[in-house]
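To start, the structure itself, in structure tokens.
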Amino acid sequence: MNCKEFSNLLDAFMDGTLSDAEAERMRAHAAECEKCAALLSLRQDCRRLDEEIEVPEGFSSSWRQMIREEKAMEEKAKKKVNWKAWAATAAALVFVIGGTLISRDSMTPRTKYSTQNGAADSYARSAKYAADTGAMTNFSYAAGAMEAPAEALYSDYDGIDYEVAEESAVNNADSVREEKIIRNASFTLKTTAYDTDLQRLQDLTAEMGGRVGYLSASGDASSGQTRSASLTLRIPAARLDDFLTGAQGIGNVTAMTQEMQDVSDSYYDIQTRLKTQQEKLARLQEMMKAAQDVSDLIEIESAIADAQYYIDRYTGQLKSYDSKVEYSTVNVSVREVRITEMKEVTLGQRILDGLSDSLENFQYFLEDMVIFLVSALPWLIVLAVVIVVIRLIVKKKKKKKE
């Protein structure tokens with residue numbers, strides 16, 4: 001029995017209406033609790049006074065009114081909001097929901113894409129195109145696989161320190177020279193039939209006598225991605241205009257550019273220097289046959305090596321020019337496009353779509369919340385142990401004070 005129950009049963013105990021067991025419990029509690037024993041003694045004294053002294057009129061009603069007011073105050077105290085419980089609940093919700101929202105970006109996604117497989121599929125498709133046309137000569141996905149830009153073709157020539165020829169160069173001023181023109185082009189091709197038009201572009205290249213120097217394809221149609229391809233084509237310069245005209249019939253050609261560069265002066269200058277070095281080499285070889293002194297032989301051999309170096313260098317530059325003049329470089333970017341059909345959506349359909357998206361997002365959020373709680377479980381266990389220990393210490397100190 002506690003003090004509150006003792007107080008509630010005190011009137012019945014004084015009136016003698018309690019059972020013997022309840023009365024015995026009352027006496028046992030009064031023997032243990034000094035506060036309740038004092039209250040019992042006070043009530044017994046009051047009862048004796050009531051028997052000896054006449055109770056004033058209105059005393060009983062006032063006493064009962066005080067009891068009713070005390071009871072009303074107790075009920076009001078019970079109805080008072082337990083802010084500690086609400087605060088703890090709100091903190092728990094903030095922890096769970098906030099932690100889920102913050103950590104969901106770092107969680108393992110619901111779906112994963114294997115970039116390795118995607119690259120393999122793209123490579124396989126591109127290899128198939130090469131096998132069908134037979135025109136590809138250099139297919140690679142490496143970053144440096146594409147042929148050097150047109151500007152780099154002349155880098156070997158621009159910075160050469162030429163040896164002063166011992167004899168004057170052959171004068172070709174009066175002769176008729178063939179112009180050496182390097183032509184390059186680039187364009188973007190947008191298409192709704194990606195596979196067909198990419199194949200048609202390679203077929204057109206082979207038909208013009210050209211070849212595919214580089215091909216890089218990306219995108220995966222099975223996953224809903226738009227595809228694209230970059231090609232570097234080598235087209236005979238004499239057929240370049242025909243090729244560009246034919247390409248305009250494949251898909252939608254946009255952003256076309258053409259450039260021309262006249263390298264005639266550089267070409268014939270190198271050609272003249274090559275002829276000078278060849279004549280010099282021939283004279284040195286004749287001198288070597290007639291030389292008898294060892295020092296002369298060594299000097300002549302050194303001069304022959306220098307002349308042979310320049311001959312090889314000039315020959316390589318002329319071949320590079322001839323290749324670029326004979327074959328034009330065409331850079332093509334193929335882009336797959338999709339035609340989107342506009343459809344009017346009714347209000348009911350929009351509401352259903354919004355509800356469906358909301359339910360789906362709520363499901364994903366619950367899944368992320370479970371993942372977060374499981375991930376935070378070790379920390380929650382440690383926190384719970386700390387809270388329990390603190391409460392036990394506080395309770396023990398409070399009990400000592402009482």
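Residue numbers start at 1 and run along the sequence shown. Computed from a predicted model, the values in this text were never measured in an experiment.
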Output the distance between atom [atom1] ([X]) and atom [atom2] ([Y]), rounded to the nearest 0.5 Å.
| X | Y | atom1 | atom2 | result |
| --- | --- | --- | --- | --- |
| Met260 | Glu179 | CE | CD | 8.5 Å |
| Met26 | Leu10 | CE | CG | 5.0 Å |
| Asn8 | Cys3 | CG | SG | 11.5 Å |
| Arg25 | Leu9 | CZ | CG | 8.0 Å |
| Ile304 | Ser302 | CD1 | OG | 9.5 Å |
| Ile182 | Asn184 | CD1 | CG | 7.0 Å |

| task | Given salt bridge (charged side-chain N to carboxylate O under 4.0 Å, His left out), test Arg283 with Glu286 step by step and report yes or no. | result | CA-CA 5 Å; Arg283 290 196 305 271; Glu286 292 296 330; over 6 Å; no
| request: Kindly write out the residues that satisfy ring-ring contact (aromatic ring centres under 6.0 Å, His included) with Phe6, not counting sequence neighbours, or none if the list is empty. | output: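 Counting only residues at least two positions away or on another chain, Phe6 forms a ring-ring contact (aromatic ring centres under 6.0 Å, His included) with His29.
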[X] side chain near [Y] side chain, heavy-atom distance below 4.5 Å:
| X | Y | result |
| --- | --- | --- |
| Arg227 | Asp220 | no |
| Lys324 | Arg234 | yes |
| Ser266 | Tyr321 | yes |
| Val337 | Thr226 | no |
| Glu207 | Asp203 | no |
| Leu366 | Gln363 | no |
| Phe187 | Leu244 | yes |
| Arg273 | Ile270 | no |

Between [X] and [Y], what is the shortest heavy-atom contact and its length?
| X | Y | answer |
| --- | --- | --- |
| Ile250 | Leu189 | O-CD1, 3.1 Å |
| Ala307 | Leu284 | CB-CD1, 4.5 Å |
| Ser264 | Asp262 | OG-OD1, 2.6 Å |
| Ile300 | Ala291 | CD1-CB, 3.9 Å |
| Thr205 | Val212 | CG2-N, 4.5 Å |
| Tyr194 | Ser228 | OH-O, 3.2 Å |

Sidechain-backbone polar pair: [X] side chain, [Y] backbone, donor-acceptor under 3.5 Å:
| X | Y | result |
| --- | --- | --- |
| Asp293 | Asp296 | no |
| Thr276 | Thr272 | yes |
| Asp269 | Asp265 | no |
| Ser356 | Leu352 | no |
| Ser358 | Gly354 | no |

Examine the side chains of [X] and [Y] and answer whether a donor and an acceptor come within less than 3.5 Å of each other.
| X | Y | answer |
| --- | --- | --- |
| Thr257 | Ser186 | yes |
| Ser328 | Arg239 | no |
| Asp353 | Gln349 | yes |
| Tyr364 | Glu360 | yes |
| Thr192 | Arg338 | no |
| Gln199 | Asp195 | no |
| Asn331 | Thr232 | yes |

| message | Could you walk me through whether Ser333 and Arg335 satisfy the side-chain hydrogen bond (donor to acceptor under 3.5 Å, both in side chains) test, starting with their C-alpha distance in whole Å, then the side-chain angles of each, then the deciding distance to 0.1 Å, before giving a yes or no? | response | CA-CA 6 Å; Ser333 178; Arg335 298 286 183 270; 2.6 Å; yes
| task | Report yes or no: is the cationic atom of Arg183 (NZ for Lys, CZ for Arg) closer than 6.0 Å to the six-membered ring centre of Tyr327, at no more than 45° off its axis? | result | no
Greater than 12 external heavy atoms within 6.0 Å of [X]'s [atom1]:
| X | atom1 | answer |
| --- | --- | --- |
| Gln278 | CD | yes |
| Phe365 | CZ | yes |
| Met208 | CE | yes |

| task | Using the side chain to side chain contact (heavy atoms under 4.5 Å, CB included) rule, take Tyr314 and Gln277 through it: C-alpha gap first, then chi angles, then the decisive distance, then the call. | result | CA-CA 9 Å; Tyr314 297 154; Gln277 292 297 327; 3.8 Å; yes
| Full working for side chain to side chain contact (heavy atoms under 4.5 Å, CB included) between Leu231 and Leu198 | CA-CA 10 Å; Leu231 300 93; Leu198 183 59; 3.9 Å; yes
| request: With sequence neighbours excluded, tell me which residues meet side-chain contact (heavy atoms from CB on, under 4.5 Å) with Ser41. | output: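 side-chain contact (heavy atoms from CB on, under 4.5 Å) list for Ser41, sorted by chain: Asp45.
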| task | I would like to know whether Thr254 and Lys190 meet side chain to side chain contact (heavy atoms under 4.5 Å, CB included); could you show each step before the answer? | result | CA-CA 8 Å; Thr254 61; Lys190 296 182 179 180; 4.3 Å; yes
| field | Leu318 vs Leu274, side chain to side chain contact (heavy atoms under 4.5 Å, CB included): CA-CA, chis, key distance, verdict | value | CA-CA 9 Å; Leu318 290 177; Leu274 175 60; 3.6 Å; yes
| field | Cationic N near anionic O, under 4.0 Å, Glu24 to Arg27 | value | yes
